[in-house]
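Just so you know, ligand 1 is whichever comes first in the structure, and atom 1 is the first atom listed for that ligand. Predicted model, so just to flag it, every value in this text is computed and none were measured.
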Amino acid sequence: MKNKWLSLLIALCLLPAAGRAVDFVNLTPQPKQMSVKEGALPLTEKFTVCTNKLPDSLAVEAQRFVAAVNAATGLDARVKNRARKALVSMERYEGNDLNAEGYRLDVTPRGVTVQARTSTGFFYAFQTLKKLLPAGVALGKPTPGIATYSLPLVSIVDEPRFAHRGFMLDVARHFFTVEQVKKMIDLMAVYKMNRFHWHLSDDQGWRVEIKKWPRLTSVGSIAPNSFQWDWERGSYYTNAPYGPYFYTQDQLRDVVAYAKERHIEIIPEIDMPGHFVAAMNAYPEFSCTPDAEHNGWLAWGVSTDVMNVANPDAVQFARDILSEIMDVFPYEYVHIGGDECPTTAWESNAQCQEKMKQLGLRHARELQSHFIKDMADFVKLRGRKLIVWNEAITAPHADVELIRQTGATVMCWIGERAAAKKATELGLDNILTPYYFYYINRKQQQDADWMTVAGDGKDDLKRTYNYVPITAETDTADYKHFRGVQGTFWTEHVNDNDLLEYLALPRLMAVAEAGWSPQSAKSFDSFVRRMQADTTLLDLGGYRYSPHYLKPAPPRPAKAAGKQ
Ligand code: ACM
């Protein structure tokens with residue numbers, strides 16, 4: 001009885017008093033500048049978003065905003081070209097103090113003004129407006145228990161800190177459907193991330209239709225067995241075929257269009273010449289040992305079975321693949337991997353030895369540098385550029401002068417700061433996705449009270465959040481080559497969406513905030529509070545997430561508890 005009265009008293013004290021200063025605006029990533037006033041702007045049952053005759057390419061963002069708001073709230077918002085009384089008004093931003101993705105947003109008791117220079121700027125302004133409304137609005141879904149809608153009175157001047165705010169998903173080790181991929185893209189858009197790096201091939205599976213080489217999917221997309229993990233059983237092999245699992249080119253184009261509406265560019269990755277076993281399972285003639293078995297891998301690790309880069313037919317095979325990849329993905333960058341490529345197969349292959357002699361190479365690693373240069377020259381014919389993992393410049397004996405000539409962007413994951421520094425010294429752009437902080441497939445922690453999942457790691461949310469991409473030691477002259485940050489998700493141990501989301505969320509939002517917000521606007525305590533509030537959004541969207549920092553620990557499943 002006593003406790004009941006005490007709880008009531010505490011609850012009454014915590015009730016927000018009318019007119020009290022607003023101390024919490026739930027916006028992630030944190031805007032560059034934001035001021036908040038007391039009060040709110042109610043959304044009326046019918047309201048107008050006026051485009052002020054802006055061209056259709058910009059006005060379309062208002063249409064999408066209105067569609068999401070109406071679906072989520074049941075209100076009747078309309079877009080008009082001209083209106084005497086509009087609740088939301090779009091204006092072209094004439095200043096030049098914001099980058100192309102930037103926007104201004106003013107919510108006053110009289111209405112809302114959104115200003116931007118580009119469609120992307122307007123898109124982010126409307127994403128912010130949606131995020132300021134009840135949780136479901138950001139996803140275009142109703143929020144149960146909410147019947148009226150109002151906006152806090154904010155004045156925001158915002159632009160992203162970095163151009164690349166990425167998420168990588170490996171669909172080669174385990175496959176994720178178009179619907180699952182779109183679900184992650186939806187979340188990227190909520191948190192203003194703009195690059196989806198799609199890791200489409202690896203030793204364990206080939207996931208993209210290449211019309212000229214059909215065995216890549218008819219053979220390369222099937223594994224004879226599959227490693228799985230689930231909440232009840234832990235780790236096990238199914239002892240059953242896995243696949244065929246791949247995307248048709250039409251499906252890929254559909255995802256490209258879906259992401260484009262959300263201002264997300266897709267960076268396709270075809271990993272070569274290492275991590276290429278699935279392709280050589282389909283076409284053994286392009287390996288260094290054409291007569292041997294090249295069964296797709298079932299576990300994890302690094303295979304010594306790599307493409308024969310001295311075979312002109314294998315090099316043409318790689319060009320054919322990239323050619324179709326460029327047909328499907330319209331963007332500037334194509335990622336060709338280049339990580340974890342042992343040279344042992346080349347060292348004992350007559351064709352590779354011969355090529356080394358011809359070119360006067362002293363180390364087999366230089367063959368890889370020549371291969372990357374060849375691919376860079378090929379994609380350049382269509383105005384494209386490469387992204388490569390950092391081994392392209394950091395592996396001992398790599399020919400960095402050749403890589404410098406490619407103009408490739410270097411994705412830095414292992415020894416990331418030294419790799420980024422080296423890329424910068426070569427005049428190459430770089431992106432940070434550090435293994436120990438931003439590999440968001442790694443386990444979040446190893447606390448015995450928490451569920452154990454497959455794989456390794458203990459990079460909890462705080463560690464990921466507190467990684468500082470540009471440190472005080474970074475030379476400001478180097479900034480121009482620093483493109484941004486990325487959360488990277490490998491799926492050797494992750495076979496379903498449930499586990500993917502549990503591991504990735506909310507660390508992905510920590511990376512999103514590092515990519516968008518100025519370092520000075522960041523605070524882990526504030527982030528946790530915002531993520532706690534966003535559990536409503538995640539629950540409404542059917543996302544699973546790690547409750548660490550957000551909610552009390554869930555009970556351990558019986559099997560895992562019994563193991564202790
Ligand atoms: C990588 O993690 N092998 C890029």
Q.
I need the single residue from Arg165, Arg530, Lys522, Arg161 that forms a side-chain hydrogen bond (donor to acceptor under 3.5 Å, both in side chains) with Glu513. Which is it?
A. Arg530
Q: Evaluate the criterion side chain to side chain donor-acceptor pair (under 3.5 Å) for residue pair Asp459 and Tyr438; output intermediate values, then yes/no.
A: CA-CA 8 Å; Asp459 307 328; Tyr438 284 0; over 6 Å; no
Q. Quick one: salt bridge (charged side-chain N to carboxylate O under 4.0 Å, His left out) pairs with a partner in residues 365-377, sequence neighbours left out?
A. Arg319-Asp374, Lys373-Asp377
Q: Non-hydrogen atoms closer than 4.0 Å to ligand 1: which protein residues do they belong to? List them by chain and number, please.
A: Asp339, Glu340, Trp389, Trp413, Tyr439, Trp490
Q.
Between Lys443 and Asp456 (salt bridge meaning N to carboxylate O under 4.0 Å), is one present in this structure?
A. no
Q.
Under a 3.5 Å threshold, yes or no: a donor from one side chain and an acceptor from the other, between Tyr124 and Asn194?
A. no
(Q) Could you check, using the six-membered ring where one of them is a Trp, whether Trp198 and Phe176 have ring centers closer than 6.0 angstrom? (A) no
